[in-house]
Amino acid sequence: MYPAAEKRFLRINKITIIVLFLVITAGGIVRSTGSGMGCPDWPKCFNRIIPPTDVSQLPQRYEQHYVEGRIKKNERFAKLIEAFGYSHLADQIRHDETIVEHEEFNAAKTWTEYINRLTGVLAGFCMLFTAIYSFTYWKKKKAIAIWSVLNLIVVVIQAWLGSIVVSTNLTPWVITIHMLLALVIVCIAIQTYYWAIKLRNNQFLKNTDRSFTWITLISLVILVVQVVFGTDVREIIDHLNQQGVQRSEWIDSIGLPYHTHRILAYVTLALVVFLYFKLRSSVLVNTVQFKYAKISLILVCIQMLSGIILARFHVPAVAQTVHLVVASLLVGAQYYLLLILNKPESGLTPKAV
């Protein structure tokens, strides 16, 4: 059905999407274990390609060296965001004393962060090959090549932003942008995969009920807003932890962001459940569209369960990672569902992708 060059692109694009979710998973583990500063420099780790395993392997006076380097990089970053009109954020970076605080060496945290970086490098190579192979579509659909190359550029920006996350000593709003940009990269990869699939297949039955599309779109928008509030909740938890507040008191101390996040979660659940049953009672019941509605339902249920565990059991680290990863998978599933509902082809025999 597909020429060899197109099969190659579809294969590497699909692998790229999988690896991107692995990167998000690795980032979630880093976040939940507090390993973000396991490597105080970037892209190397303690100025080594292979990080140290013992304190005796650390460079002499490395603390002062990396703090000085961080201050210089942060000043450049502050000037950049100041140029875009965010003077108050620039001032926060310049005057935040916690940015230059030194964190003691911990081999486990160092290697956790290092593995996270290796996963990011793997994703970078996958996206490079995706961009190269995408030019097979230049004559048929230029958008596939254009967006694949653009996504590669976005990944480079994301890597730079990762270095800023390190240099600013995990400044919360920088981490939030880093997370949201990761979801943008995933969605672009899903978009190019969908375009390539749609060029030659006839597997999507025609969607005659536009309400399906609108429900999915509204659900996706609310989900993204929910993710933003979720990162806000996480930032507040980090602040409470730094202040020495007991873990058992974290949830009760968060306030409005947590309650908003929870309410949006219930709204998302209701929309996903409603769409599932609506599709099940339609002609799309045995289609790819219904398959992804089912996947979304499973993911949102896991997401709700992990959220309950976080609230009832004082924010355990494992549940934090699961909550983040499942939210990312749900965004991906909802986005692909939106694509195959929004611009479907008149179908012949439906089958799963």
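Numbers here simply count residues along the sequence, with the first being 1.
- The closest donor-acceptor contact from the side chain of Trp250 to the backbone of His314 lies at 3.5 Å or more, if one exists at all.
- A donor-acceptor distance shorter than 3.5 angstrom exists from the side chain of Arg234 to the backbone of Arg31, with no hydrogens or angles considered.
- Residues Phe105 and Pro52 are in side-chain contact: their nearest non-hydrogen atoms beyond the backbone lie under 4.5 Å apart.
- For the pair Ile24 and Val186, the minimum side-chain heavy-atom distance is below 4.5 Å.
- At least one donor-acceptor pair closer than 3.5 Å links the side chain of Arg117 to the backbone N or O of Cys39.
- A donor-acceptor distance shorter than 3.5 angstrom exists from the side chain of Ser134 to the backbone of Ala131, with no hydrogens or angles considered.
- Between the side chains of Glu113 and Ser35, no donor-acceptor pair is found at a separation under 3.5 Å.
- Of the residues Leu271, Ile215, Val331, the one that meets the side chain to side chain contact (heavy atoms under 4.5 Å, CB included) test with Leu220 is Val331.
- For Lys79, the salt bridge (Lys or Arg N to Asp or Glu O under 4.0 Å) criterion is met by no residue, not counting sequence neighbours.
- Under the 30°/60° scheme for interplanar angles, the aromatic rings of Tyr336 and Tyr193 are found to be tilted.
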With side chain to side chain contact (heavy atoms under 4.5 Å, CB included) as the criterion, how do Ser282 and Phe212 come out once you've worked through the C-alpha distance, each side chain's angles and the decisive distance to 0.1 Å? CA-CA 10 Å; Ser282 72; Phe212 294 154; 3.9 Å; yes

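- No side-chain N or O of Asn151 forms a donor-acceptor pair with one of Thr192 less than 3.5 Å apart.
- Note: the hydrophobic cluster containing Ile263 does not contain Leu310 (ILVMFWY, side chain heavy atoms under 4.5 Å, direct or indirect links).
- One N or O on the side chain of Thr112 and one on the backbone of Ala108 form a donor-acceptor pair closer than 3.5 Å.
- The backbone N or O of Leu341 lies less than 3.5 Å from a partner atom in the side chain of Thr213, making a donor-acceptor pair.
- A donor atom on one side chain and an acceptor atom on the other are found under 3.5 Å apart for Thr130 and Thr16.
- A single hydrophobic cluster is seen to contain both Leu269 and Leu299, as judged by linkage of ILVMFWY side chains at heavy-atom distances under 4.5 Å, directly or through other members.
- Side-chain contact between Leu180 and Val228: present, with at least one pair of heavy atoms (C-beta onward) separated by less than 4.5 Å.
- Taking every heavy atom of both residues into account, Gln289 and Ile340 meet most closely at NE2-O, 3.3 Å.
- Smallest separation of non-hydrogen atoms from Gln226 and Ala265: NE2-CB, 3.3 Å.
- The minimum heavy-atom distance between Val285 and Phe290, with the atom names listed, is O-CD2, 2.9 Å.
- If you take OG on Ser328 and NE2 on His323, they are separated by 10.5 Å, rounding to the nearest 0.5 Å.
- With rounding to the nearest 0.5 angstrom, the CG atom of Leu275 is 6.0 Å from the CG atom of Leu337.
- With a 6.0 Å radius and a threshold of 12 heavy atoms from other residues, nucleotides or ligands, Phe129 has its CZ atom at or below the threshold.
- Contact check for Val272 versus Gln334: side-chain heavy atoms found under the 4.5 Å cut-off.
- Atom CD1 in Ile237 sits 4.0 Å away from atom CD1 in Ile254 (nearest 0.5 Å).
- When hydrophobic clusters are built by joining Ile, Leu, Val, Met, Phe, Trp and Tyr residues whose side-chain heavy atoms come closer than 4.5 Å, directly or via intermediates, Leu181 is not grouped with Leu122.
- Considering all non-hydrogen atoms of both residues, Ser296 and Leu330 come closest at O-CD1, 3.5 Å.
- Of the possible polar contacts, none joining the Trp138 side chain to the Ala143 backbone as a donor-acceptor pair under 3.5 Å is found.
- In terms of heavy atoms, Asn13 sits closest to Ala189 at OD1-O, 3.2 Å.
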Assess whether side chain to side chain contact (heavy atoms under 4.5 Å, CB included) is satisfied between Tyr292 and Tyr335, documenting all intermediate values. CA-CA 10 Å; Tyr292 277 87; Tyr335 186 70; over 6 Å; no

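- At least one side-chain heavy atom of Gln320 sits under 4.5 Å from a side-chain heavy atom of Val315.
- When the shell of 6.0 Å around NZ of Lys294 is examined, it contains 12 or fewer heavy atoms from other residues, nucleotides or ligands.
- By the 6.0 Å contact criterion, CH2 on Trp160 is enclosed, its count of non-hydrogen atoms from other residues, nucleotides or ligands being greater than 12.
- Atom CZ of Arg312 has 12 or fewer heavy atoms from other residues, nucleotides or ligands within 6.0 Å.
- In plain terms, the two heavy atoms of Gly38 and Thr110 that are nearest each other are O-OG1, 2.8 Å.
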Pair Glu249, Asp252 - check side chain to side chain contact (heavy atoms under 4.5 Å, CB included), show working. CA-CA 6 Å; Glu249 300 175 8; Asp252 293 334; 5.7 Å; no

Show your working on ring pair (Phe, Tyr, Trp, His ring centres under 6.0 Å) between Phe229 and Tyr258 and close with a plain yes or no. CA-CA 7 Å; Phe229 274 98; Tyr258 169 71; over 10 Å; no

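- Two different hydrophobic clusters hold Ile15 and Leu22 under the rule that ILVMFWY side chains link at heavy-atom gaps under 4.5 Å.
- Note on Met127 and Ile17: same hydrophobic cluster, where clusters join Ile, Leu, Val, Met, Phe, Trp and Tyr whose side-chain heavy atoms are under 4.5 Å apart, directly or indirectly.
- Between Gln246 and Ser248, the side chains place no donor N or O within less than 3.5 Å of an acceptor N or O (distance only, hydrogens not considered).
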